[in-house]
Amino acid sequence: MTYDPASIEPRWQSFWEENATFRTDTTAGTPGGPDKPTYYVLDMFPYPSGSGLHVGHVEGYAASDIVARYKRMKGFEVLHPMGWDAFGLPAEQFAISQNVHPRESTTKNLDNFRSQLKAIGFSFDWEREVGTFDPDFYKWTQWIFLKLLEHDLAYQSEALVNWCPALGTVLANDEVIDGKSERGGHPVERKPMKQWMLRITKYADRLLDGLDEVDFPEPIKAMQRDRIGRSEGADATFAIKGHDAALEVFTTRPDTMFGATFCVLAPEHDLVTEITTDECRAAVDAYRAEAAAKSEIARTGNDAGKSGVFTGAFAINPATGAEVPIWVADYVLMGYGTGAIMCVPGHDERDWMFATKFDLPIVEVVAGGDVTEAAYVGNGPHVNSSGANGLDLNGLDKEEAITKMSEWLEAEGLGRRIVRFRLRDWIFARQRYWGEPIPVVIDEDGEVHPLPFDELPLDLPDTADYTPSETGESPLSRMKDWVATTVPGQPDKPARREADTMPGSAGSSWYFFRFLDPRNSDALCDPEKAKAWLPVDLYVGGAEHAVGHMMYSRFWTKFLYDIGVSPVEEPFKRLVNQGMILGEDNRKMGKRYGNSVDPIDVIKEYGADTLRMFEMFLGPIEQEKPWNQSGLDGVRRFLNRAWRLYCDDDGALHASINDEPMSDDVARLVHQTIAKVAEDTEGLRFNTAISQMMIFVNEMSKKDDRPREALEAFCLVLSPYAPHFAEEIWSKLGHKESIAYAPFPEADESKLVEDSIEVPIQVNGKVRARLQVAADIDESTIKELALSDETVKGWVEGKEMKVFKYIPGRLVTIAVKG
RNA sequence: GGGGGUGUGGCGGAAUUGGUAGACGCAUCGGACUUAAAAUCCGAAGGCUUCGGCCGUCCGGGUUCGAGUCCCGGCACCCCUACCA
């Protein structure tokens, strides 16, 4: 019988399951536990969608599985768990579309996912499976929320939020794309609503600094830095003519204040109503109404030209003492800085466009450009920058002027240096059913009371009436019996439960703690285990989670660190994003192009080992690459040939397999393969590891020699990549134990040396001849040989030799002139 | 506008510190086996060539005995982000 994955693979999957082969002992590394090095390799757990696993999942999971299996063979106690990101909008939308309860559809979907994952032979410790929708799990999500509340990091706020009427909920900023909801593409509008918020902004600095410690891909770090958006500048106070109230602006260029010829307020700014003059009121009110109706995207989009309206009021520029007009314009955002800016049209592009459109004065205060043509944002000596107050910036460069101006503002009590962040607080409530209930009650005076910890979990009540409303009223609020309660500890004091639920990203922000100790009912995780296992050594997942999920997880981990629950501030030591697998047509796989591939179909036709190796062989793990259906045949051919190295046509081991010592040639091939695969697996270069295995099989197939030592070593080397195949062969070779914990072979350097090598001879940079020489030949010997070579002579003779060099083991280079 | 990335055969991709460009695989072509096909096995293959060689890693320069790799200047494509003061 030839290689037949359909009969081999299910058998070994059952074997692993029955023997709990991949059960992890997380007491390893803790006091009293086994003294083994630990390795935590984690996949981004999936949202179990209705359509099942796709090839992108398989790519990431195959990569992490290879590492997990390799590390086990290298003697590590490996934690490689799997779970379900099952709460949240997508799961609920799917349920509604199928007209079933989300609990029912979610359970069904994840059963399907689990069986699909098992069919691919991933070495997960299934006894540690967790789901974010499980009360035993979300008890601790709620616990963390209460801790955040206790530390004033959770609060309610009347905030402008992204409201999506079609979904009936608010959305986080990263759930809104181009003014439409990420799920479903429904329109999203801005609307003030009272919301639970988490104060992630308090961690902005630490989230930024932490990036220097972790091994993440550079683009991901860049994206996170960009989201945090740190900028240094100054707040400055402008008096308002005829009013007691003053205007506070934020600027990164206080040095240009002498050129500030007007100010602009965001339409929502508190002062607008107060300072607007009667003549201007009608226009201002109309403008504000219009701005309110626009989504943030329409306001901040790339619209040519800027809109705005004059308030009739004037501010006093503290540097010049001049009266400058105050305008309202929607290019100034209430959510950033102070919602008010001083405008320096000479040196800011947006201000320049605005000034040009509305015919406001432009003053040059930094030399180097032509401010009548465009804003000059570069550096240069300051000009027109001295005032009656004795302040003089003229001649200073940008940095000097910023320092001097900032010091002056501080001395005069007119401002202060400040660091601001673009990052905004995390909107932590959804007006939806399928999420963790927020464990607080609100009394009749509107005061919030947290539930005591011992009342957790606060179960998500069952109801058939789970659909969202378009008004913003949460489905849970319709459950009058559930909502009506009393203040904890005060049975006489009526209260109502919070009816909003947490967003989908709540559970995923800490789930990697729970895998360490999934059934602990006293703590979210045993601190000894956390200490032994965190941070996660390798985290593999898609780049779509580069910012949202990664930042939320990092934030929560830092918080858990602060309250003594986490031993580390950064949860993930190393992050790898698998590149997207495109369709064969080089376009994104999906319904739109009908170019999707179902991994389960591939397994039926080719087997799981072929699928795994094929996806790893496509190209570098982090790179985007197209699917190539016939490439599957190539990998299957490889496994077939590998099989025939061991077995004859009726499936029995070859009689020619012997215990003779390996020839030097075979030994070199074996050790080269061990070294290359080990090195490439550590570096996650799976594609080149596989090509070395192909070289091994190609070479060995040509030989009649079948030394057991070589074949066993290759089986071990192959096993992280094609585990079912390797288990089958391993047992045929007479081993009773699973190959999963057999030691990975060590490459023997001494076996790699060759006696005789071929050395190319380069003349003026071009290879002209090749010599077969002893590997340890010295320069003078090879020089003699090279110069007596007939071909080389033809290129060298009669010319002046400028250079002769022997790069040992690589090449000879000769440079001649004339 | 800002940030990040990528350019190598027909295709996916290989190439320590600068050191034989095109490993490995796909597709292609030829041959063997077969009544035939599939499967399998063996072999060819960057382009041009007057068969001496010459040209070839997006383009143009530079450094070097030697550049896919380093430096300078362009071009193209992709991704992210976007009025953040």
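Numbered from 1 within each chain, the chains take letters A, B, ... in sequence-line order. If you're wondering where the values come from, they're calculated on a predicted model, not measured in any experiment.
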Chemist: Looking across every strand, which nucleic acid part, if any, lies under 4.0 Å from A:Lys805 by heavy atom: base, sugar-phosphate, or nothing?
Modeler: base

Chemist: What's A:Gly634 touching, base or sugar-phosphate or nothing? Going by heavy atoms closer than 4.0 Å.
Modeler: sugar-phosphate

Chemist: Considering only atom P, compute the distance from B:rA15 to B:rG2 and round it to an integer number of Å.
Modeler: 34 Å

Chemist: Give the table of side-chain donor-acceptor pairs shorter than 3.5 Å for residues 693-701 of chain A, with sequence neighbours excluded, one pair per line with atom names and distance.
Modeler:
residue  : atom : partner  : partner atom : Å
A:Asn698 : OD1  : A:Arg641 : NH1          : 3.0
A:Asn698 : ND2  : A:Met694 : O            : 3.4
A:Ser701 : OG   : A:Val697 : O            : 2.6

Chemist: Could you state the CG-C1' distance from A:Asp348 to B:rA85, rounded to the nearest angstrom?
Modeler: 6 Å

Chemist: For the C1' atoms, the ones on B:rC59 and on B:rA76, what distance do you get once it is rounded to whole angstrom?
Modeler: 10 Å

Chemist: Where the side chain of A:Asp609 meets the backbone of A:Phe725, is there a donor-acceptor pair that is under 3.5 Å apart?
Modeler: yes

Chemist: With no hydrogens and no angle check, do the side chains of A:Asp4 and A:Ser7 hold a donor and an acceptor under 3.5 Å apart?
Modeler: yes

Chemist: Distance between the P atoms of B:rU50 and B:rC41, in whole angstroms?
Modeler: 38 Å

Chemist: Could you give the distance from CZ (A:Arg770) to OG1 (A:Thr791), rounded to the nearest 0.5 Å?
Modeler: 11.5 Å

Chemist: With A:Arg768, which residues qualify under salt bridge (charged side-chain N to carboxylate O under 4.0 Å, His left out), at least two apart?
Modeler: none

Chemist: Could you run through nucleotides 2-14 of chain B and give me one letter per nucleotide, 5' to 3': B if any protein heavy atom sits under 4.0 Å from the base, S if only the sugar-phosphate is that close, - if neither?
Modeler: -SS-------BSS

Chemist: Could you tell me how far B:rU20 sits from B:rU57 if I compare only their C1' atoms? Round to whole Å.
Modeler: 15 Å

Chemist: Figure out the CG/P separation between A:Leu333 and B:rA82, and round it to whole Å.
Modeler: 11 Å

Chemist: Using the P atom as the reference point in each nucleotide, state the distance between B:rG12 and B:rU8 in Å, no decimals.
Modeler: 7 Å

Chemist: Measure the distance from CD on A:Glu758 to C1' on B:rG19 and round it to the nearest whole Å.
Modeler: 15 Å

Chemist: Separation of A:Leu611 atom CG from B:rG25 atom P, in whole Å?
Modeler: 20 Å

Chemist: Does B:rG25 fall in syn (glycosidic angle within 90° of 0) or anti?
Modeler: anti

Chemist: Can A:Arg420 be said to sit on top of A:Phe250's aromatic six-ring, NZ or CZ under 6.0 Å from centre and within 45° of the ring axis?
Modeler: yes

Chemist: Suppose the criterion is side chain to side chain donor-acceptor pair (under 3.5 Å): which pairs have a residue in residues 214-224 of chain A, not counting sequence neighbours?
Modeler: A:Gln224-A:Arg554

Chemist: Take atom C1' in B:rU40 and the same atom in B:rU34, then report the distance between them in whole Å.
Modeler: 11 Å

Chemist: So, using salt bridge (charged side-chain N to carboxylate O under 4.0 Å, His left out) as the criterion, who are the partners of A:Lys703 when residues are at least two apart?
Modeler: none

Chemist: How long is the gap from CG on A:Asn317 to CZ on A:Phe238, to the nearest 0.5 Å?
Modeler: 4.5 Å

Chemist: Which residues pass the side chain to side chain contact (heavy atoms under 4.5 Å, CB included) test with A:Lys588, sequence neighbours left out?
Modeler: A:Met580

Chemist: When you measure from the side-chain N and O atoms of A:Tyr331 to the phosphate of B:rA85, is any distance below 4.0 Å, counting only OP1 and OP2?
Modeler: no

Chemist: In whole Å, what is the span from the CG atom of A:Leu669 to the C1' atom of B:rC24?
Modeler: 14 Å

Chemist: For B:rG47, does the glycosidic angle fall within 90° of 0 (syn) or outside that (anti)?
Modeler: anti

Chemist: Enumerate all atom pairs, one protein N or O and one N or O from nucleotides 40-43 of chain B, separated by less than 3.5 Å.
Modeler:
residue : atom : partner  : partner atom : Å
B:rU40  : O3'  : A:Arg644 : NH2          : 3.1
B:rC41  : OP1  : A:Arg641 : NE           : 3.1
B:rC41  : OP1  : A:Arg644 : NH2          : 3.1

Chemist: Report all side-chain donor-acceptor pairs from residues 757-764 of chain A shorter than 3.5 Å, counting only partners two or more places apart or in another chain.
Modeler:
residue  : atom : partner  : partner atom : Å
A:Asn764 : OD1  : A:Val816 : N            : 2.9
A:Asn764 : ND2  : A:Val816 : O            : 3.4

Chemist: Going by purine N1 to pyrimidine N3 plus the second Watson-Crick contact, or the G-U wobble pair, all under 3.5 Å, which nucleotide sits opposite B:rU50?
Modeler: none

Chemist: Listed by chain and number, what are the side chain to side chain contact (heavy atoms under 4.5 Å, CB included) partners of A:Ser780, not counting sequence neighbours?
Modeler: A:Asp778

Chemist: In whole Å, what is the span from the CG atom of A:Leu639 to the P atom of B:rG25?
Modeler: 13 Å

Chemist: Does the structure show a Watson-Crick or G-U wobble partner for B:rG1, both distances under 3.5 Å? Name it, or say none.
Modeler: B:rU81

Chemist: B:rA67 C1' sits how many Å from A:Asn764 CG, rounded?
Modeler: 16 Å

Chemist: Could a donor-acceptor pair under 3.5 angstrom be found where the side chain of A:Thr813 meets the base of B:rG19?
Modeler: yes

Chemist: Any chance you could list the contact pattern along nucleotides 47-58 of chain B? Use B for base contacts, S for sugar-phosphate-only contacts and - for none, protein heavy atoms under 4.0 Å, 5' to 3'.
Modeler: ------SSS---

Chemist: Please measure how far the C1' atom in B:rA27 lies from the corresponding atom in B:rG66, and state the result in whole Å.
Modeler: 35 Å

Chemist: In whole angstrom, give the distance that lies between atom CG of A:Leu582 and atom C1' of B:rC77.
Modeler: 14 Å

Chemist: Listed by chain and number, what are the side chain to side chain contact (heavy atoms under 4.5 Å, CB included) partners of A:Asp270, not counting sequence neighbours?
Modeler: none

Chemist: Measuring from atom CE of A:Met551 to atom CG of A:Leu207, what distance do you get when rounded to the nearest 0.5 angstrom?
Modeler: 5.5 Å

Chemist: Could you tell me how the ring of A:Phe358 sits relative to the ring of A:Trp327: parallel (under 30°), tilted (30 to 60°) or perpendicular (over 60°)?
Modeler: tilted

Chemist: On a whole-Å scale, what distance lies between the P atoms belonging to B:rG7 and B:rA14?
Modeler: 9 Å

Chemist: Quick check: are there more than 12 heavy atoms from other residues, nucleotides or ligands sitting under 6.0 Å from CD of A:Glu349?
Modeler: no

Chemist: Identify the nucleotide, in any strand shown, that forms a Watson-Crick or G-U wobble pair with B:rG10, with both distances under 3.5 Å; if there is none, say none.
Modeler: B:rC26

Chemist: What pairs of nitrogen or oxygen atoms, one from the protein and one from nucleotides 16-18 of chain B, lie under 3.5 Å apart?
Modeler:
none

